[in-house]
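Because only heavy atoms are used, hydrogens play no part in the values below, and waters and symmetry mates are left out as well, while side chains stay in. By convention in this document, chain letters (A, B, ...) are assigned in the order of the sequence lines, proteins followed by strands, and residues within each chain are numbered from 1.
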Number of protein chains: 2
Amino acid sequence: MKHPLKQHIEEIIKLTDEEFKFILSHFETIKKRKHQYLLQKGEIADKEYWIVKGCLKSYFFEESGKEHILQFGMENWWITDYESFVKQSKSKINIDCIEDCELLYITFENREKLTKEMHKMERFWAKKSKFGRIALQNRILSLLKNSSKERYDLLLEQYPKLFQRVPKKLIASYLGVSRETLSRLNS
Amino acid sequence: MKHPLKQHIEEIIKLTDEEFKFILSHFETIKKRKHQYLLQKGEIADKEYWIVKGCLKSYFFEESGKEHILQFGMENWWITDYESFVKQSKSKINIDCIEDCELLYITFENREKLTKEMHKMERFWAKKSKFGRIALQNRILSLLKNSSKERYDLLLEQYPKLFQRVPKKLIASYLGVSRETLSRLNS
DNA sequence: AAAAATTTGTGCTAAATATCACACGCTGAA
DNA sequence: TTCAGCGTGTGATATTTAGCACAAATTTTT
């Protein structure tokens, strides 16, 4: 059976088994339990995680204590604070497990190394970065254009599984509305 | 005197004069007048523009006819619809000149070619893509966290020149508030 | 310079959303 | 089982923002 990470990378770039083995040798496996964190505000994100199993959130707190969710993470997604990871600067955000998680991670150093050693991976990450940018662009578009109700419906349509796995108050934080307003959107 | 594009690229990657000459040979110059467009909804963005002089907006219309601004462009910035450019798909957005503009552009084909011919440029664009992503991330953060007034103040602080060059109603469209609300934010 | 179009400010009203309060059901720990 | 804590729905009210109307100021065009 094909390794799920190989399958994931091959959506962008074809790999021989040797190449994948080489890539995988730059990763480590880690398990985390619900409520544990991967990254806390103020730390430098020195790892990028690939989610084998589980569900996570990247988020931050407003001064008032209100929580805002930047990104959810589920199986086959990557998660880290890219600003902190790319610039190797202090992170503004936190990343927590919403469920028990199984993760693969690559350190900043290993990623730099792998990028240099293997041009295919440079191309893979470049493409991933481009697609990540497009996704963010579209989220901004949606925040500008769509009403709360519309954003709710779009998210439900795009990630129906998410609604079965995470509390609605987190969905509200992601959409940028209060939990009470979210609760009233369906009526 | 150093070419401004060379100066711009060298903020990320050092170049010899020969290298820059080679890079520049992949670009063309174009002038556009105020109100002329670079890209219209439905077209495929086959060029990426570097702004030598002038001011532009990338934007789209809601069904209701409301205009939303995704990005402003000024001297030394790049502008295109990256979703359309990267995927070579039909664009959802328009790009117009707000002032008379002088631009350098590289076609999709030339950029692909240059990326392959010159590894330095692959690294340059990879880095630019990463930073672009970070900027979008921070805009989302700001849309979630900050009030209209705060977003206004932040923009004013970051791009004071913009306020002297573009009408306030466009600033409002960028911030995601109505022009009336923007007009009342200062009081 | 005159005319036309655009931009901006502001009063008024309606709509959307936040906030506070409280009730109820579910879950996990003692 | 019992109890505390969390998640969720919902009423009441306050706040924010949008939308419309219109006038004044500014810019652009002729």
Original post:
How would you list, by chain and number, every residue that makes a side chain to side chain donor-acceptor pair (under 3.5 Å) with Glu122(A), sequence neighbours excluded?
Top reply: His119(B)

Original post:
Quick one: side-chain contact (heavy atoms from CB on, under 4.5 Å) partners of Lys53(B), sequence neighbours excluded?
Top reply: Glu75(B), Glu102(B)

**OP:** For Lys41(A), enumerate each residue passing the side chain to side chain donor-acceptor pair (under 3.5 Å) test, keeping only those at least two apart in sequence or located in another chain.
**Re:** none

Subject >> Whole-Å gap separating P (dA18(D)) and CG (Leu175(B)) >> reply: 11 Å

Original post:
What residues, two or more places apart in sequence or in another chain, satisfy side-chain contact (heavy atoms from CB on, under 4.5 Å) together with Ile12(A)?
Top reply: Phe124(A), Lys127(A)

Subject >> DNA chain C contacts made by residues 156-169 of chain A, counting heavy atoms under 4.0 Å >> reply: none

Just the atom pairs and distances: protein N or O near nucleotides 26-30 of chain D's N or O, under 3.5 Å.
{"unit_1": "dT28(D)", "atom_1": "OP1", "unit_2": "Lys34(B)", "atom_2": "NZ", "d": "3.1"}

**OP:** Check whether NZ of the Lys or CZ of the Arg Lys92(A) lies under 6.0 Å from the centre of the six-membered ring of Phe60(A) and within 45 degrees of that ring's axis.
**Re:** no

Original post:
Excluding sequence neighbours, so at least two apart, what forms side chain to side chain donor-acceptor pair (under 3.5 Å) with Ser129(B)?
Top reply: Ser129(A)

Subject >> Pairs meeting criterion side-chain hydrogen bond (donor to acceptor under 3.5 Å, both in side chains) with involvement of residues 20-35 of chain B, two or more places apart >> reply: His26(B)-Glu117(B)

**OP:** Using the test side chain to side chain donor-acceptor pair (under 3.5 Å), find all partners of Lys120(B) that sit at least two apart in sequence or belong to another chain.
**Re:** Glu19(B)

All N/O pairs under 3.5 Å across the protein-nucleotides 15-18 of chain C interface:
{"unit_1": "dT17(C)", "atom_1": "OP1", "unit_2": "Ser148(A)", "atom_2": "OG", "d": "3.0"}
{"unit_1": "dA18(C)", "atom_1": "OP2", "unit_2": "Ser178(A)", "atom_2": "N", "d": "3.0"}
{"unit_1": "dA18(C)", "atom_1": "OP2", "unit_2": "Ser178(A)", "atom_2": "OG", "d": "3.1"}
{"unit_1": "dA18(C)", "atom_1": "OP2", "unit_2": "Thr181(A)", "atom_2": "OG1", "d": "2.7"}

Which atom pairs, donor and acceptor, lie under 3.5 Å between side-chain atoms of residues 172-180 of chain A and protein residues at least two apart or in another chain?
{"unit_1": "Ser173(A)", "atom_1": "OG", "unit_2": "Glu67(A)", "atom_2": "O", "d": "3.3"}
{"unit_1": "Ser173(A)", "atom_1": "OG", "unit_2": "Lys169(A)", "atom_2": "O", "d": "3.2"}
{"unit_1": "Ser178(A)", "atom_1": "OG", "unit_2": "Thr181(A)", "atom_2": "N", "d": "3.2"}
{"unit_1": "Ser178(A)", "atom_1": "OG", "unit_2": "Thr181(A)", "atom_2": "OG1", "d": "3.0"}

Original post:
What residues, two or more places apart in sequence or in another chain, satisfy salt bridge (Lys or Arg N to Asp or Glu O under 4.0 Å) together with Glu99(B)?
Top reply: Arg165(B)

